[in-house]
Amino acid sequence: MAKQLEKKYDPSEFEERLYAEWNEKGYFRPGRPGAKPFSIVMPPPNITGQLHMGHALDNTLQDLLVRYKRMCGFNTLWVPGTDHASIATEAKIVEKMREEGLTKEQIGREGFLERAWDWNRQYGGRITEQLKKLGSSCDWSRQRFTMDEGCSEAVREVFVRLYRKGLIYRGNRIINWCPHCLTSISDAEVEYEEQAGHFWHLRYPVKDSDGEFIYLATTRPETLLGDTAVAVNPKDERYRHLVGKTLILPLVGREIPVVADEYVEMDFGTGAVKITPAHDPNDFEVGLRHGLEVINVLTPDARVTDDYPAYAGMDRYEARKAIVRDLEAGGYLVRVENYSHNVGTCYRCGTTIEPRVSLQWFVRMESLAKPAIQAVKDGDIRFIPERFSKNYLHWMENLRDWCISRQLWWGHRIPAFYCDDCGELTVTAEPQAVCPKCGKPMRQDPDTLDTWFSSALWPFSTLGWPNRTEDLETFYPTSTLVTGYDIITFWVSRMIFSGLEHTGKKPFSDVLVHGLVRDAQGRKMSKSLGNGIDPLELIRTYGCDALRFALVSGNSPGNDMRASEEKFEAARNFANKIWNAARFVLMNLDGEEPVSFADLPLADLPDEDKWILSRYNRTVGEVRENLDRYELGVALGKLYDFIWDVFCDWYIELVKARLSEKGTESNRTAQKVLIYVLSNTMALLHPFMPFITEEIWRTLPHEGDSVMVSDYPVCRAELDFPREEASMRKVIDAIRAVRNLRSEMNVSRSRRAHLHIVTSEPSAFLGKEKFFERLAFASGVEVGSETVNADGSVRAITDDCEVLIPLADMIDREEELARLRKELTSAEGELSRAQSKLANADFVAKAPQKLVDGERAKAENASAKLEKLRAAIAHLENL
RNA sequence: GGAGGGUUAGCUCAGCCGGGAGAGCAACUGCCUUACAAGCAGUAGGUCACAGGUUCGAGCCCUGUACUCUCCACCA
């Protein structure tokens, strides 16, 4: 008696146990040194949130690839990341401190960082534990925080290098400012949303004129305080006489010029635009061109500065109301119009961003983007699916300089030092205490770097760069990046140009892009909607394997998917099916001997064994091919069909009789084939559903410790049995036809019948009578090529045979006639379709020979079937 | 404004190199059959959004149209 599985499929019983064991045995560490490397890095998930479906999907796909490649003999490395510094993390820590009645300022930078690290360790560790439940086979011993010493060294090194090459500069530029997070954010971090607003039509008086005004409109009247010009288009006849004149800014009384600039569109609004260089990116550009003064009117938290006593301290929306009121009172407000426009918001907190001029650090993108564009254009880096490369290229080709400084504390501090005395700026990877010029104390720039600045270095910083480590030599460039399309601009693009710039090599070859997991209604999962599905909850309910199955099956790369209860149930049902099939096989095994390919007595196998081996073998070939092409959903679909429809529904049923004949040779070979096919199928399925496959594989007779470190099955020419496959297909068709007929006629399964199979090819059926007895409820079967007396019988007709079932008394003659006529019609349709194709000279001449032959065969089959059907109908009619 | 998806069974979605439309769920009929009712055996259900074109042959390739989603841009 072989080992047995638990009666009930209960993943919680073995998933954790197996994971711990894999970990303990070191299976996650790189294996097979010297073999071809396959390496990937894990996107650093943000620690502020729970593990969500996006992580689960990323992780499942990554793990799938790594497990597959490892079993294929690659030297695999999967570096896990667990956290990166971010605005959201800082906000979370600040929030937590507020609950304790503390502020950042109170505890100071040192105290804050201490807390941040505590938080990081606590939650970073929690994410790690959560990922383990997904079966992640990444090498946790190499786990990195982007804030780690090692990675920090890389960050400083990169900063200094870019600075020395002149690719990083510090300057006063207009940037996106979040008044809530109190930091600058990059263009990519701004999300635009349509908001209902107003258009305030104003008029500014022209200085020294007879009450002449210039009319303009604005959506943000409060910025009037910072206006330093009004611009018109140089071609605009209406305003030509005013260009160069001076206006009096209402409420403020400032004298501002009228300038001519191409930026202004003549046919939008009045054709005149107020220019506020400090608070609008376009106005800033205009200001640069015309040497206009830049007047900042708002504080960092978006309140009016003390320079305007009437409004000082008001936040921007209060100020807006007050200013509109005062404009109206002063006769400067012409009218108010409802207007819907796009407003930029902070993608982290949703606050409306405030464009603001400030001193920030920037990366010059032009020279960095060039090779990054080329690498994708040349196909050196490949997006899967390919269409995302367009997305990427469009982004890269339209880049503005990247604002990398953040006014946060939780992040990599910018390695720039200022001398308060002589004003010297020193950029260096080694902290500098005194000014190299005057010897006075230096002060480090208080700002930190954009989180994506350090994340961009991930593929090589995690491998030890800038040191020339063995990991770096072996595993860089990495093989495949797996991520969602929403992150291409933030992360993928920046990894590409950073990798090329700093290592001279692309960071990875393939980018497998997946879609978003949406809820059952197709909505994006979000915290505010509360429609997020917790992957850990799903694992508790359905098991990790079911979750992974649901995430991979029926999906193609780059497409969004909906998560629904039904999908997870279906996945769990599949796992349950496998479990029970394995249980059945194990119940029927006598020994514990593993079966390898060499142990299969190929020459002596009955047709059904050759048939299943042949089907199995084809599945191996197809699955490998699909996996190599990243067609993960297709590969899994094929495995599903093979396991459920072919192995369970047919093969197991076909061999049941042999399994009860204990002690016979036939019994022993059936056991061997079952073991061989099932254990290899578990290996095939392992990358998709690691736990159940491991549990079953280990319970089956096996060689080695774990399916995880065994070889992925290979396709073998010796297992290809086309003749036996064809023969079994005929038998299965006939069994289906009989079942179908009995079912339609409502014949109870207990009513057994003696079958006559009439066929031109008796050899295909001889020796397989027992299958009909078991699966087609036959009490006995005769196979012959001669037509026999069909009186009292109904006929189940297939392309290859006619099965006579003596149940005429059970059925209604008219119903049976109707059924046969329906079949006749469909057979006629088949014949005429084939014939018309064959009658088409172009088809015969131009279509591949294989296809033409196929049509000929179809025509033959159809006419044979027709003949049988006509005879059956005639026979019935004459009764 | 620019770009890219999607439109296939009642629902959710697959469909590879162009070669006779598939799955899961739901529905209907019958079944506790020597693993599995989370199951088994059947049945029904489609003008592949629409209109043209290329081709011997189009769900698939091309052009246009409609509806829809997403990303990018951001005219005050």
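As a basis for the values below, the full set of heavy atoms in this structure was taken, side chains included, without hydrogen atoms, waters or symmetry mates. Predicted model, so just to flag it, every value in this text is computed and none were measured. Residue numbers start from 1 in every chain, and the chains themselves are labelled A, B, ... in the order their sequence lines are given, proteins ahead of strands.
- Side-chain contact check for Leu678(A) versus Leu700(A): some heavy-atom pair is nearer than 4.5 Å.
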Taking N or O atoms only and anything under 3.5 Å, show me the protein contacts with nucleotides 59-64 of chain B, one pair per line.
none

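- Between G59(B) and C32(B), the two P atoms lie 44 Å apart (nearest whole Å).
- Distance Arg220(A) CZ to A76(B) P: 11 Å, rounded to the nearest Å.
- For G46(B) and G22(B), the C1' atoms lie 11 Å apart once the distance is rounded to whole Å.
- Under the ring pair (Phe, Tyr, Trp, His ring centres under 6.0 Å) criterion, Tyr9(A) pairs with Trp579(A), sequence neighbours left out.
- Among the heavy atoms of the strands, none lies under 4.0 Å from Lys662(A).
- Nucleotide C40(B) forms a pair with G30(B), judged by Watson-Crick or G-U wobble geometry with both contacts under 3.5 Å.
- Comparing the C1' positions of G4(B) and A9(B) gives a spacing of 28 Å, expressed to the nearest Å.
- For Val273(A), whose side chain is taken as the heavy atoms from C-beta onward, the closest listed nucleotide among A76(B), C25(B), A44(B) is A76(B).
- Residue Glu855(A) is out of contact with every strand shown, counting any heavy-atom pair closer than 4.0 Å.
- Sequence neighbours left out, the pairs with a member in residues 638-650 of chain A that pass side-chain hydrogen bond (donor to acceptor under 3.5 Å, both in side chains) are Asn626(A)-Lys638(A).
- Partners of Tyr392(A) by side-chain contact (heavy atoms from CB on, under 4.5 Å), not counting sequence neighbours, listed by chain and number: Ala372(A), Val376(A), Phe383(A), Met396(A), Ile488(A), Ser493(A), Ile496(A).
- G1(B) is paired with C72(B) under the Watson-Crick or G-U wobble criterion, all donor-acceptor distances under 3.5 Å.
- Look at Lys390(A) and you'll find a side-chain N or O under 4.0 angstrom from OP1 or OP2 of G4(B).
- Not counting sequence neighbours, the partners of Glu823(A) by the side-chain contact (heavy atoms from CB on, under 4.5 Å) test are Arg819(A), Lys865(A), Leu869(A).
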Summarise how protein sits on nucleotides 14-19 of chain B as a single string, 5' to 3': B when a protein heavy atom is under 4.0 Å from the base, S for sugar-phosphate-only contact, - for no contact. SSB--B
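- G53(B) and A58(B) have their P atoms separated by 12 Å, given to the nearest Å.
- In this structure G57(B) sits in no base pair that meets the Watson-Crick or G-U test at under 3.5 Å.
- His394(A) pairs by the ring pair (Phe, Tyr, Trp, His ring centres under 6.0 Å) definition with nothing, not counting sequence neighbours.
- Remark: Tyr392(A) is not in phosphate contact with C71(B), judged by side-chain N or O atoms under 4.0 Å from OP1 or OP2.
- With sequence neighbours left out, the side-chain contact (heavy atoms from CB on, under 4.5 Å) criterion links Asp267(A) to Glu265(A).
- U55(B) and C60(B): their P atoms are spaced 16 Å apart (whole Å).
- Within 6.0 Å of NZ on Lys7(A) lie no more than 12 heavy atoms contributed by other residues, nucleotides or ligands.
- Comparing A37(B) with A21(B), their C1' atoms are spaced 31 Å from each other, to the whole Å.
- Contact of Asn342(A) with C74(B) (side chain to base): a donor-acceptor pair of N or O atoms is detected under 3.5 Å.
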Give the B/S/- string for nucleotides 32-40 of chain B, one per nucleotide from 5' to 3', where a protein heavy atom under 4.0 Å of the base yields B, of only the sugar-phosphate yields S, and otherwise -. -BBBB-BSS
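- Side-chain contact annotation: Ser553(A) with Lys567(A), donor-acceptor N/O pair under 3.5 Å absent.
- If you measure from atom CG of Asp280(A) to atom C1' of C74(B), you get 10 Å, rounded to the nearest angstrom.
- Distance noted for atom C1' between G45(B) and G2(B): 42 Å (whole Å).
- Not counting sequence neighbours, the partners of Val747(A) by the side-chain contact (heavy atoms from CB on, under 4.5 Å) test are Arg742(A), Met745(A), Arg751(A), Leu807(A), Met810(A).
- Between Asp283(A) atom CG and A76(B) atom P the separation is 11 Å, expressed in whole Å.
- The NE2 atom of His341(A) sits 18 Å away from the P atom of A73(B) (whole-angstrom rounding).
- Going from atom CD of Glu830(A) over to atom CG of Asn861(A) covers 8.5 Å, rounded to the nearest 0.5 Å.
- In this structure, Glu653(A) CD and Phe771(A) CZ are separated by 11.5 Å, a value rounded to the nearest 0.5 Å.
- Comparing Lys858(A) and Trp650(A) by the nucleotide of RNA chain B that holds the closest heavy atom to each, the one mapping nearer the 5' end is Lys858(A).
- Residues forming a ring pair (Phe, Tyr, Trp, His ring centres under 6.0 Å) with Phe642(A) (at least two apart in sequence, or on another chain): none.
- Here the P atom of nucleotide C13(B) and the NE2 atom of His514(A) are 17 Å apart, to the nearest Å.
- Across all strands shown, Phe388(A) has no heavy atoms under 4.0 Å from either base or sugar-phosphate atoms.
- Applying the ring pair (Phe, Tyr, Trp, His ring centres under 6.0 Å) criterion to Tyr347(A), with sequence neighbours excluded, gives Phe490(A).
- Rounding to whole angstrom units, CD of residue Glu397(A) and C1' of C72(B) are separated by 13 Å.
- Across all strands shown, the partner of A49(B) is U65(B), judged by Watson-Crick or G-U wobble contacts whose two distances both fall under 3.5 Å.
- Between Asp590(A) and Lys662(A), at least one side-chain N (NZ, or NE/NH1/NH2) sits under 4.0 Å from a carboxylate O, which counts as a salt bridge.
- A23(B) and G18(B): their P atoms are spaced 24 Å apart (whole Å).
- Rounded to whole Å, the distance from CG on Asp486(A) to C1' on C69(B) is 15 Å.
- By the rule that a glycosidic angle within 90° of 0 means syn, C71(B) does not qualify and counts as anti.
- A9(B) is unpaired under the criterion used here, namely a Watson-Crick or G-U wobble arrangement in which both key atom distances are under 3.5 Å.
- One finds a side-chain N or O of Arg562(A) lying less than 4.0 angstrom from the OP1 or OP2 phosphate oxygen of C13(B).
- Here Ser564(A) lies out of heavy-atom contact (under 4.0 Å) with every strand.
- Rounded to an integer number of Å, the gap from CZ of Arg387(A) to P of G4(B) is 11 Å.
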